[in-house]
Structure formats: C-alpha cells, structure tokens
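Single-structure report; data block below.
Quick note: residue numbers are just sequence positions, from 1.
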Amino acid sequence: MVIDLDRIQPGDVLLVTPMPGEPLGEMITRLDGSGFSHSGIALGGDGVASAHLSFCRSDPFDIGGVRADRLSHFWEHGQQVYRLPVPSADRRAAALDRLAEVRLPDDDGRFCVPKLMIVAIALASFGPDLAPADAARVRAQAIEAARTWDGVADRREFFCAELVAHLHGARFTVEDLAPVDPQEPGPRTREGFLDTVLVRSIAFLADAERKAAFEELAVVVEQVMPTFFDRSALDILLSPFARHDGAPVSRGRRKPHKRPAGRAPEQDWLPPALVTPRMLLDAAWTGDQVERVREPAD
C-alpha cells in the first residue's frame, strides 16, 4: 500500500530500505532478516528525525548524530521510506517530547558505530552453524556490552533504531532479537589485519569502562566467529565507494511476537542499544500495516 505524506502523523515510526549496493546496510539487513536498514521518527510533513552516519561518497566523514532530515534525503539515494503507524496519540506525543530533550539546536551528538557493531554481533550469534554454547556465550557478552554502551540523554550517542526505541520507551526481549531467518556471520574468509584495526578504532572512541566492555566482547567474537570483524571492516570501508544503483529490496511486516500477559523478568529485557528496525516492525505497539510513502515523482 502506498500513502501520501499527509497520512503520516508526527511521532510515527519511519523505516528506510538500504541504499542500493551499500555494504553496511546490506550487512544489517542480511543479519536482521529484514528489508529495512534505517529508522526514524516522523516530525510532520516530510520531516524525519533520526540518528545516522553518512557513508555517502559526497560526505564520507560526517560522524552523524541526532538530526532532522527531509525524506528527499533518502529518496535521492534510491531508498524507499515506509510508515509504521503508532496508533496511540499519547505515545506519539511522549516520543516527540523525549526527542526535544536529546536533540539540541547546537549539538547533534554522535552516531555510535560501536553500538552498531554490537548489534551486528548479537544478530550473527543466531547463525545456524554456531554451536549453541558458543552462540549463547557471544550473545550474553553482546548484551553485557550493549548495557555498558546504552544511550543516555547526557551522552546522546545513538544509532537509528536505538533512538526510536528510546523515544518511544519501547522494551524488547532476547526472543524479540532473534532473526526470523538467521544468517551466517559472514563468508568464510581468512582473517587479517582489518579486524585488529576495527577493534582498536572502536576502542579509541570509548572511555575506559566502555572500552573494556567492547574488548571483552571482541575476544569472544574472535574465538567463536573469527572472520566476523574482517568482513565487517570491509563493509564499513567499502560503504562510501559502493555503487548506488539498482532497485532497493523491501519486505512487509514479519510475524509479530505475541508476548504473554504480565511483565517479563527484568533480566530478560534488552537494552535499547540492541534494537533493530525489524524489531520495531514487529512491536505490539505499532500498527498492523506498513505503508510505503509516495515519492513526489510517483
């Protein structure tokens, strides 16, 4: 179903397909089992607020942050934008109020690449060829690292789906994290020096506590998924130089998780720093129909 801009309500969730041929977006959609690599919150009209990092060749050094864009920003790069309605007016209003607290006029904050890598590691831990004990070990370490790196208002370091979850006060469990169609961590390639460069670069961005949490995770990943960081480093390095042509892939709503009545134990809740666009798509508080937003040229 295709809708016009005037159908979008401020506070609705917006989902975006990957930039065609862009390796980092393709990595996320492959691991997450979804057609969406980016998400944001509608501001009204054609405005969207999100946390993003530019991997465009025209602006490869933009470290990103929490900012407002026009939907044309994504359409110009061959991406498609979908509305995921949030039926509750109160919930939409509360999300916009929280946005005002984290998006300052003179400071965008920073897009958090390390947390995006933690998400990718957690998703890769569901790969079908991993031994259950190894998968559980990686996943537990990823959850611990995500809790250490969790976004808070005074740090204002987010990635896109984490920001949306933070604004909407959304909570998810490990069961929600599991991809519908788990994929391998990456092709069987020989590990090289790129993984070392990536891990050290990420650690450089962190304070002592968060550096330690990521390095502990990296040790487990290199033992259990030895090619993961090398492949991820290539995805990041190639992103600014990827071809931006071809039709983007979009997939409809996945099967929503029906959580039983009552609250899950506190230890079962994931930090917002492990939320993905596909999890927003399946959340019980979003509408049943995901709708593509009509581009002006349609």
Side-chain angles (χ1 to χ4, degrees), residues 3 5-16 36 38-52 64-71 74 81-112 115 119 146-147 149-173 175-177 253-254 256-266 268-291 293:
I3 63 169
L5 285 171
D6 59 8
R7 290 279 303 280
I8 300 174
Q9 296 291 323
D12 279 345
V13 175
L14 296 177
L15 301 171
V16 184
F36 302 106
H38 185 63
S39 56
I41 184 171
L43 297 176
D46 64 346
V48 55
S50 64
H52 69 83
V66 181
R67 64 192 48 198
D69 290 303
R70 300 296 181 188
L71 296 186
F74 305 104
V81 179
Y82 287 73
R83 179 185 80 138
L84 187 58
V86 178
S88 168
D90 289 343
R91 186 166 199 139
R92 294 197 307 269
L96 294 171
D97 288 343
R98 292 191 185 101
L99 176 62
E101 296 173 0
V102 299
R103 184 171 181 265
L104 305 180
D106 58 346
D107 184 5
D108 283 337
R110 186 170 66 177
F111 183 91
C112 197
K115 286 194 282 191
V119 171
R147 288 198 175 107
W149 282 78
D150 206 9
V152 292
D154 59 347
R155 283 180 176 165
R156 295 171 51 258
E157 295 177 349
F158 298 99
F159 64 88
C160 62
E162 177 198 13
L163 175 65
V164 174
H166 175 78
L167 297 179
H168 275 285
R171 305 188 77 183
F172 299 89
T173 66
E175 185 177 357
D176 299 319
L177 177 66
R253 188 173 178 83
R254 315 294 280 183
H257 172 59
K258 300 298 184 182
R259 188 173 293 114
R263 292 178 57 83
E266 190 63 30
D268 290 348
W269 293 112
L270 295 173
L274 277 180
V275 175
T276 72
R278 186 258 315 156
M279 292 162 68
L280 299 170
L281 188 69
D282 292 343
W285 49 272
T286 55
D288 292 330
Q289 182 72 40
V290 58
E291 305 152 322
V293 181

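The side-chain contact (heavy atoms from CB on, under 4.5 Å) test with P272 is passed by exactly one of H168, K115, E162: E162.
Minimum interatomic distance between V275 and A165 (heavy atoms only, all atoms of both residues): CG2-CB, 3.8 Å. Contact record, L280 with L84: O-CD2, 3.2 Å, taken as the closest heavy-atom pair. The two residues F158 and A51 have their closest heavy-atom pair at O-CB, 3.8 Å. The two residues V119 and A273 have their closest heavy-atom pair at CG2-O, 3.2 Å. The two residues L99 and A49 come nearest to each other via the heavy atoms CD2-CB, 3.7 Å. Across all non-hydrogen atoms, the minimal contact from P10 to L96 is CB-CD1, 3.8 Å.
Side-chain contact between Q289 and P85 is absent, with no heavy-atom pair separated by less than 4.5 Å. Using a 4.5 Å heavy-atom threshold, the side chains of I41 and L14 count as separate. No side-chain heavy atom of F159 sits under 4.5 Å from any side-chain heavy atom of V164. Here the side chains of V48 and L43 are not in contact, with every heavy-atom distance at 4.5 Å or above. Residues L15 and L281 form a side-chain contact, since some pair of their non-hydrogen atoms from C-beta on lies under 4.5 Å apart.
With hydrogens and angles disregarded, a donor-acceptor distance shorter than 3.5 Å links the side chain of R98 to the backbone of L167. Distance alone, capped at 3.5 Å, places no donor-acceptor pair between the R171 side chain and the L270 backbone.
In this structure, CZ in R278 is found 4.0 Å from OG1 in T276, a value given to the nearest 0.5 Å. In this structure, the separation between CG on D46 and CZ on F74 is 11.5 Å, given to the nearest 0.5 Å.
The side-chain hydrogen bond (donor to acceptor under 3.5 Å, both in side chains) check on R83 picks up D12, E291, with sequence neighbours excluded. Applying the side-chain hydrogen bond (donor to acceptor under 3.5 Å, both in side chains) test to S39 and every residue at least two apart in sequence or in another chain returns nothing.
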Let's go through L177 and F172 carefully: what are the C-alpha distance in whole Å and the side-chain angles of both, what is the deciding distance for side chain to side chain contact (heavy atoms under 4.5 Å, CB included) to 0.1 Å, and is it a yes or a no?
CA-CA 8 Å; L177 177 66; F172 299 89; over 6 Å; no
What's the verdict on side chain to side chain contact (heavy atoms under 4.5 Å, CB included) for I8 and V293, showing C-alpha distance, side-chain angles and the deciding distance?
CA-CA 9 Å; I8 300 174; V293 181; 3.8 Å; yes
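Using the six-membered ring where Trp is involved, Y82 and F36 have ring planes that are perpendicular, over 60° apart on the 30 and 60° scheme.
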